[in-house]
Each structure stands twice: as structure tokens, then as C-alpha cells.
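Quick notes on the structure that follows.
Note on naming: letters A, B, ... go to the chains in the order of the sequence lines (proteins, then strands), and numbering restarts at 1 for each one.
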Amino acid sequence: MISYDEITRLIPHRYPFLFVDRVLELEAGKRIRCLKNVTGNEYFFPGHFADLALMPGTVMIEALAQCGLLLFRAGSPQQHADKVFLLGAVDARFLKPVIPGDQLLFEMVAEKVISTAAIVRGVALVDGQPVVKAKLTFAAADPRGIDTQREHRPT
Amino acid sequence: MYADNVERAVTEVVAEISEKSEEELWEQRDSHLFEEVGLDSLLALEIVATLERKYRIEVPEERIVDVTTLTAAIALVKEMLRENGKLEAAL
């Protein structure tokens, strides 16, 4: 088991953008099971939506990506310590809405892992029922190589 | 237009992942597959992972950078199949 505090030592994500509470099982580089308790206090519920609190699908994809990243990084946490991690491709299917009070169980397996990138596939379950299925491709990138400057060009 | 089944199957896989038509890809099979600098490796990784599953081969990490053109992808798959003694059956 890996606690919330230990998770913050393995991936760079922090509140309000860390969506994994606990790692239940881990086989580094191969498979992982993680937990996320969804509460009514999540910062996104007032806006998604004001009269009907539904967890955004994009946030569930991010949660799955963070589980995949934990799977990728757990075996060699020193490697890529100075990197950021970018999604390259997402293939997802949303099956059921997720609401406050739900407990998300993420089950991910590695499809292909190399030293700088990975393809992972997984499912999020609530009460044993799949709510999201996704395949994600992500890579470790040097933040110095990412262009964050934009020249404003009026159209 | 294809000389064998490996050429056809690899073209299908690369077309789906790179979101190009098979005809266009085949015509430009010696051209560089990816234009977006930096995304090359991830698309190449997806292509290799799909081909590995399809042909039950294992491509070494250092060979993924070789997948720059469709011709190179076909050659790599054939090389891996040949090493495993599975090329004749795949053709």
C-alpha cells in the first residue's frame, strides 16, 4: 500500500490536481490498483454542474493518467525526477456518471513501457461496475524543452 | 499494390494510428511519417506497441526511433519476424 503522502513523492501533481488517494496494489511497470474517494467538497462540483454534481470525465482521465504515471515511476523514482509528464493520446469511453460519495477503484495495466514513455490501459470501477475505460499514452519531457512563450498574433 | 500481407497489415496499423489514408501512406511510404516534432516518439511507440501485439514480437526500445517511415516500419517488423522464424508464415 502507498499512502497519499508517499504518492506526492512519486508524481509531481498536487492539490487541486491530484486525484489518487491511495495505491492498493502495485507491480512496478506492470499493473496498479488505486483508490479515489469522491466527496461533495471536490473543487470542481460547484461548476460541474451547479444543480447536478457530476465528476468531469476529463478529471477521471487525469486520475487514470496519474495511476499510470505511478505505475511508470514506482520502480525507479529517481529517474525522471526533473521531468514533467505529458499525455500524447487518449482513447476513452465513459460508461456511467460519477457523483459525490462514490469510491473510484482504478485498475491499470501497462501495455508498453520504455524508459521515456508508456502506454497504459485501464478501467475505473464504482461498486464493481465500470464507469470509465481508457487507453493512455504519455511521455516524460524536459520542461526546458517546452515552449511556454506565445507570440500574440492578432487575426 | 502490396507485395505481401505484412506490407498490407503494417500499412493498416500505421494508417489508423497516424490518421492518414492507407493509399496516401503507401504512396508516400518513404516520406517521414510525422510532422510534429517531439510527438514522433509517442506515435512511433503506439505503432510499435500495436505491431508487437499483432505479431507477438518484441521490439527493443532502441529500435523504436527507427520507425520514421512506413517502409522502415515494414522492414522492422519483417526483421523481427525473421529473427523469430515467423516471417514466412506472416507473408
- Message: Using every non-hydrogen atom in the two residues, find where B:Leu42 and A:Ala139 come nearest and quote the distance to one decimal.
- Response: CD2-CB, 3.7 Å
- Message: Please tell me whether A:Val123 and A:Leu24 are part of a single hydrophobic cluster in this structure, the criterion being side-chain heavy atoms less than 4.5 Å apart.
- Response: yes
- When clusters are formed by joining ILVMFWY residues with side-chain heavy atoms under 4.5 Å apart, either directly or through shared neighbours, do A:Phe94 and A:Phe49 land in the same one? no
- List, by chain and then residue number, the residues other than A:Ile146 in its hydrophobic cluster (Ile/Leu/Val/Met/Phe/Trp/Tyr, side-chain heavy atoms under 4.5 Å); write none if there are no others. A:Val84, A:Leu86
- Query: What pairs with B:Asn84 under side chain to side chain donor-acceptor pair (under 3.5 Å), at least two apart in sequence or on another chain?
  - Reply: none
- Item | Heavy-atom proximity to chain B below 4.5 Å, by part of A:Ala118 | backbone
- What's the shortest heavy-atom distance between A:Ala117 and B:Leu45, and which atoms? CB-CD2, 3.7 Å
- Item | same_hphob_cluster(B:Leu25, B:Met1) at 4.5 Å side-chain heavy-atom cutoff | yes
- Note on the structure: The ring-ring contact (aromatic ring centres under 6.0 Å, His included) partners of A:Phe19 (sequence neighbours excluded) come to A:Phe17
Record all donor-acceptor atom pairs with a distance under 3.5 Å between chain B and chain A; write none if the list is empty.
from	atom 1	to	atom 2	distance (Å)
B:Glu52	OE1	A:Lys112	NZ	3.2
B:Glu52	OE2	A:Lys112	NZ	2.8
B:Arg53	NH1	A:Glu111	OE2	2.6
B:Val59	O	A:Lys112	NZ	3.4
B:Glu61	OE1	A:Ser115	N	3.1
B:Glu61	OE2	A:Ser115	N	3.0
B:Glu61	OE2	A:Ser115	OG	2.4

- Message: Do A:Leu18 and A:Ile2 land in one hydrophobic cluster if side-chain heavy atoms of ILVMFWY residues count as linked below 4.5 Å?
- Response: yes
